[in-house]
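Read the structure below first, then the notes.
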Amino acid sequence: MRAEPNAFDDEEINLLLGLANDLAYGIMALRGRAEQRRAEEALKESEQELRLLASQLLSIQEKERRRVARELHDELGQALTVLKINLVAIEEKLAPEQQHLKANCEHMLSYIDTVIENVRRLSWDLSPSSLEDLGLSAALGYLADETCRNHNMQCTVVMDEIDHLFAPEIQINIYRIFQESLTNVVKHARASLVSVKVAREDGKVSFMIRDNGRGFNLKQACPAKLPKKAWV
């Protein structure tokens with residue numbers, strides 16, 4: 001019985017093997033890209049969830065700040081005011097020869113005034129009513145003026161009107177960033193002059209805080225292996 005000839009010669013077989021290998025590689029590449037796309041989509045979903053959680057956390061923090069601020073103002077503030085009134089009444093009833101007690105009362109009244117001012121400032125820092133009453137532009141200007149006044153610094157403010165440009169939740173975030181920046185100036189810069197500028201130009205808003213205090217080298221202050229995204 002005669003053997004049938006091969007359907008393909010060696011060259012054709014090698015060509016088919018090469019095509020099969022290319023096809024297998026293409027299928028693996030497609031699978032790899034599909035897995036990469038799924039991984040990227042999962043990463044985007046995770047980032048969106050993190051942003052949502054961060055937004056919810058900030059909202060909860062602001063609500064808690066407002067609650068504590070109200071309690072400080074309504075409860076502690078009123079209690080201190082009543083204490084001051086009673087102390088004034090006691091001082092008025094002291095006899096002229098009780099000068100030592102009168103001096104003690106004066107000292108206590110001065111101390112109570114300081115505590116009341118500290119409570120007022122703390123309540124303000126926790127929940128700035130000016131942001132709702134006056135708007136973002138005026139609130140930022142007032143924040144800069146008050147911070148500089150309380151810490152014996154000169155202050156210049158140049159402020160464009162930006163109230164209608166941001167949603168309320170964005171406004172409070174901008175306010176907190178300004179608040180933290182000014183706090184850092186007070187704690188670390190040892191400055192005597194602070195300038196604040198908020199400007200609108202070409203559809204963009206720029207925020208700038210400058211001081212004449214001590215600076216630092218950013219590259220030295222930050223870790224060498226800090227991811228590039230952290231600098232954005």
Side-chain angles (χ1 to χ4, degrees), residues 47-81 113-213 215 230-232:
E47 290 176 347
Q48 291 176 353
E49 290 177 357
L50 285 175
R51 282 194 291 267
L52 178 60
L53 289 173
S55 176
Q56 292 175 344
L57 178 60
L58 288 174
S59 178
I60 293 172
Q61 287 178 336
E62 288 302 325
K63 290 180 180 178
E64 184 65 13
R65 285 172 181 264
R66 287 194 292 269
R67 183 190 67 80
V68 174
R70 283 195 300 269
E71 289 187 0
L72 282 173
H73 181 271
D74 296 341
E75 300 295 333
L76 184 56
Q78 291 182 9
L80 288 169
T81 300
D113 285 337
T114 301
V115 175
I116 290 175
E117 177 62 21
N118 289 336
V119 169
R120 184 197 67 82
R121 186 169 62 251
L122 180 58
S123 177
W124 174 272
D125 290 342
L126 286 171
S127 182
S129 58
S130 64
L131 193 57
E132 298 178 0
D133 298 338
L134 305 177
L136 180 60
S137 300
L140 293 178
Y142 184 81
L143 173 64
D145 289 336
E146 281 291 285
T147 302
C148 291
R149 182 180 67 83
N150 291 330
H151 296 90
N152 298 317
M153 297 185 295
Q154 293 181 342
C155 182
T156 61
V157 178
V158 178
M159 186 79 58
D160 287 349
E161 197 281 319
I162 58 171
D163 295 351
H164 65 286
L165 300 180
F166 303 99
E169 60 272 16
I170 302 299
Q171 291 189 23
I172 189 63
N173 289 339
I174 292 173
Y175 185 92
R176 293 302 182 198
I177 292 171
F178 255 71
Q179 189 177 45
E180 184 64 23
S181 299
L182 291 170
T183 299
N184 288 336
V185 171
V186 171
K187 288 183 177 180
H188 307 296
R190 296 182 181 176
S192 61
L193 176 63
V194 176
S195 65
V196 174
K197 183 178 180 180
V198 177
R200 297 173 56 189
E201 186 176 0
D202 298 331
K204 298 180 181 179
V205 179
S206 63
F207 301 87
M208 182 172 62
I209 299 176
R210 288 182 174 178
D211 64 77
N212 65 345
W231 297 83
V232 178

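Only a predicted model underlies this, so the values are computations on that prediction, with no experimental measurement involved.
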Given salt bridge (Lys or Arg N to Asp or Glu O under 4.0 Å), test E146 with R120 step by step and report yes or no.
CA-CA 12 Å; E146 281 291 285; R120 184 197 67 82; 3.7 Å; yes
So R67 and E71, salt bridge (Lys or Arg N to Asp or Glu O under 4.0 Å) or not? Walk me through it.
CA-CA 6 Å; R67 183 190 67 80; E71 289 187 0; 2.8 Å; yes
Working note: M153 + V185, criterion side chain to side chain contact (heavy atoms under 4.5 Å, CB included); need CA distance, chi angles, decisive distance, verdict.
CA-CA 10 Å; M153 297 185 295; V185 171; 4.3 Å; yes
For residues 190-211, which side-chain donor-acceptor pairs fall under 3.5 Å, sequence neighbours excluded?
residue, atom, partner, partner atom, Å
S192, OG, N212, ND2, 2.8
R200, NH1, E161, O, 3.4
D211, OD1, G213, N, 2.8

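The two atoms that bring M159 and G141 nearest to each other are CE-N, 3.8 Å, heavy atoms only. Of all the heavy atoms in D163 and S137, the pair that sits closest is OD1-N, 2.8 Å. Closest non-hydrogen pair, Q179 versus T183, comes out as O-OG1, 2.8 Å.
Here L182 contributes atom CG and K187 contributes atom NZ; the two are 12.5 Å apart, rounded to the nearest 0.5 Å. Taking CG from N118 and CG from L72, the interatomic distance works out to 11.5 Å, rounded to the nearest 0.5 Å. For the atom pair CG (L140) and CG (L136), the distance works out to 4.5 Å, reported to the nearest 0.5 Å. Separating the OH atom in Y142 from the OG1 atom in T147 is a distance of 10.0 Å, to the nearest 0.5 Å.
S123 contributes no side-chain N or O that, together with a main-chain N or O of V119, makes up a donor-acceptor pair within less than 3.5 Å.
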